[in-house]
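Hydrogens, waters and symmetry mates play no part in the numbers below; they use all other heavy atoms, side chains included. Residue numbers start from 1 in every chain, and the chains themselves are labelled A, B, ... in the order their sequence lines are given, proteins ahead of strands.
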There are 2 protein chains.
Amino acid sequence: MYLGYKGPVLSSEQDARYRMAPPPAPQTMKERILETADKLFYLQGIRAIGVDTIAAEIGISKRTLYNHFPSKNALIAAYLERRFVHARASDKPPAEQILATFDSLERRFAAKDFRGCPFVNAVAELGPQDRAVKKIAIAFKESRRVWFRDRLNELGVADAEALATQLVLLVDGSIAQDLVRDDPAMARAAKEAAKVLLRNAGVDVGSDAKKPMKGSKRAPD
Amino acid sequence: MYLGYKGPVLSSEQDARYRMAPPPAPQTMKERILETADKLFYLQGIRAIGVDTIAAEIGISKRTLYNHFPSKNALIAAYLERRFVHARASDKPPAEQILATFDSLERRFAAKDFRGCPFVNAVAELGPQDRAVKKIAIAFKESRRVWFRDRLNELGVADAEALATQLVLLVDGSIAQDLVRDDPAMARAAKEAAKVLLRNAGVDVGSDAKKPMKGSKRAPD
DNA sequence: GCCTAAGTACACAGGTCTGTGTAACCAAAA
DNA sequence: TTTTGGTTACACAGACCTGTGTACTTAGGC
């Protein structure tokens, strides 16, 4: 296979990274297209980016792109599917895992290339007609909710379903707020709220060092 | 001013409504354009709707539209400004007002023409470049947060700022979730979480019986 | 050395979009 | 009646978009 290399395909930092790594990342063409589509779709918006732009960014011809994806819609679908990475379980205690979610959220907010949830954004800009996009967005949201629920069940929380839903509300709320405000503190606010909800459900989330809260309720056993 | 009327400008239900009202709503042309732009932009997406479509929907020429708005961008800005209605205070007790927010949210979710927060959607699809859109979106979000904060201050809550932020997270979270899932129950889940947060801050939000629902609200005084 | 698979360059069809130019038209005010 | 201002119909420029057609080039396997 001839990979006609014609100039700087990778941005300078990426380039440097790959240069010092032993194997220069034997990326398949499809993966290169997807990687670039991901960056542009996510950062600028799906409708805002044409296939020409993607091809030009990689340095390939538009024809090549269409040889790998039959249509832009197919590329959009592949983009979203690639974004759908299932959250992995860790060996840490469940309560810690749950709270760590918000810490990781805060880290992502702080990065300058964060621009909200790709699934919510896609549904927002592609409209209600696009059933395929909506379907994968629903699946993603549900997978996140289920992840919380499973951890809550490990903790023996009574109504894990309801609490899991409330936690995803906090996650999505902080994402939406950060999207417009660019304020990573939204993740911390969500974490504090999550702690209150967890404590209210009888989960031990450590001492409440920073807020002694006057009329605080003791958790029901 | 000649309002060249050329066929059904209003949908049948609207038409009926206006027919039985004494003044047939002396809408200015600008307002008619804005009303239609609002409906189409919000329901289908800003980028998805061209000015031709808006003009055709009203039954006016594209030229007329451009005589009232110098560019599509100006129309978008006017659309968002028109959406920016400040939440009004009522005479109900603050805690009730806060919780009523989530009831009204649930009602809006149940309507089939709800499609998320227009400001968040606009930021999502117009990208980070569009400073004007982002600015008004930030202003809107902040106005909502301040509304919560003021009510919490009336209630004597210690850290009203932080709690207000947490409440808007629940609001925006439920909006995002409903956008992809079409599930009004998200508003109820947010309300339940809000109750827990409020109770944790020392606010009396009534008994924890799942649904006292009617008439069981005792005014605090 | 030849064949094949993959990529390239480039043109182009056909559509949509924003925005403008222009002459005619109509209603109501002067 | 004449003027004036908002409106219409319609054409069009120029950009951009998705997707295709075609002939050429190159690397690697046989």
Across all chains, not counting sequence neighbours, the salt bridge (charged side-chain N to carboxylate O under 4.0 Å, His left out) partners of Lys191(A) are Asp103(A)

One pair to check against side-chain contact (heavy atoms from CB on, under 4.5 Å): Ile58(A) and Glu35(A). What are the steps and the verdict? CA-CA 10 Å; Ile58(A) 314 176; Glu35(A) 193 177 282; over 6 Å; no

Counting only pairs under 3.5 Å, give me each side-chain donor-acceptor contact of residues 75-82 of chain B, with atom names and distances, residues two or more places apart or in other chains.
unit_1: Arg82(B); atom_1: NH1; unit_2: Glu31(B); atom_2: OE2; d: 2.3

Kindly write out the residues that satisfy side chain to side chain donor-acceptor pair (under 3.5 Å) with Asp183(A), not counting sequence neighbours, or none if the list is empty. none

The salt bridge (charged side-chain N to carboxylate O under 4.0 Å, His left out) partners of Arg149(A) (sequence neighbours excluded) come to Glu161(A)

Mind calculating the distance between CD1 (Ile54(A)) and C1' (dG19(D)) to the nearest angstrom? 14 Å

Rounding to an integer number of Å, can you tell me how far Asp52(A) CG sits from dA11(C) P? 14 Å

Looking at residues 69-78 of chain B, who's got a heavy atom less than 4.0 Å off DNA chain C? Ser71(B), Lys72(B)

Give the rounded distance in Å between these two atoms: CZ of Arg32(A) and C1' of dA6(C). 13 Å

Going by heavy atoms closer than 4.0 Å, what residues in residues 61-68 of chain A are next to DNA chain D? Lys62(A), Arg63(A), Tyr66(A)

Write down the distance between CD1 (Ile49(B)) and P (dT16(C)), rounded to a whole number of angstrom. 13 Å

What integer distance in Å separates Ile46(A):CD1 from dT18(D):P? 12 Å

Pairing residues for Asp52(A) by the side-chain contact (heavy atoms from CB on, under 4.5 Å) criterion, not counting sequence neighbours: Lys62(A)

Here the salt bridge (charged side-chain N to carboxylate O under 4.0 Å, His left out) pairs for residues 119-132 of chain A, sequence neighbours left out, are none

For Asp178(B), give me all partners under salt bridge (charged side-chain N to carboxylate O under 4.0 Å, His left out), at least two apart in sequence or on another chain. none

What integer distance in Å separates Ile58(B):CD1 from dT7(D):C1'? 13 Å

Output the rounded distance in Å from CD (Gln44(A)) to P (dC16(D)). 14 Å

When the distance from CD1 of Ile33(A) to C1' of dT8(C) is rounded to whole Å, what number comes out? 14 Å

Measuring centre to centre across the rings, with the benzene-like ring taken for any Trp, is His68(B) within less than 6.0 Å of Tyr66(B)? no

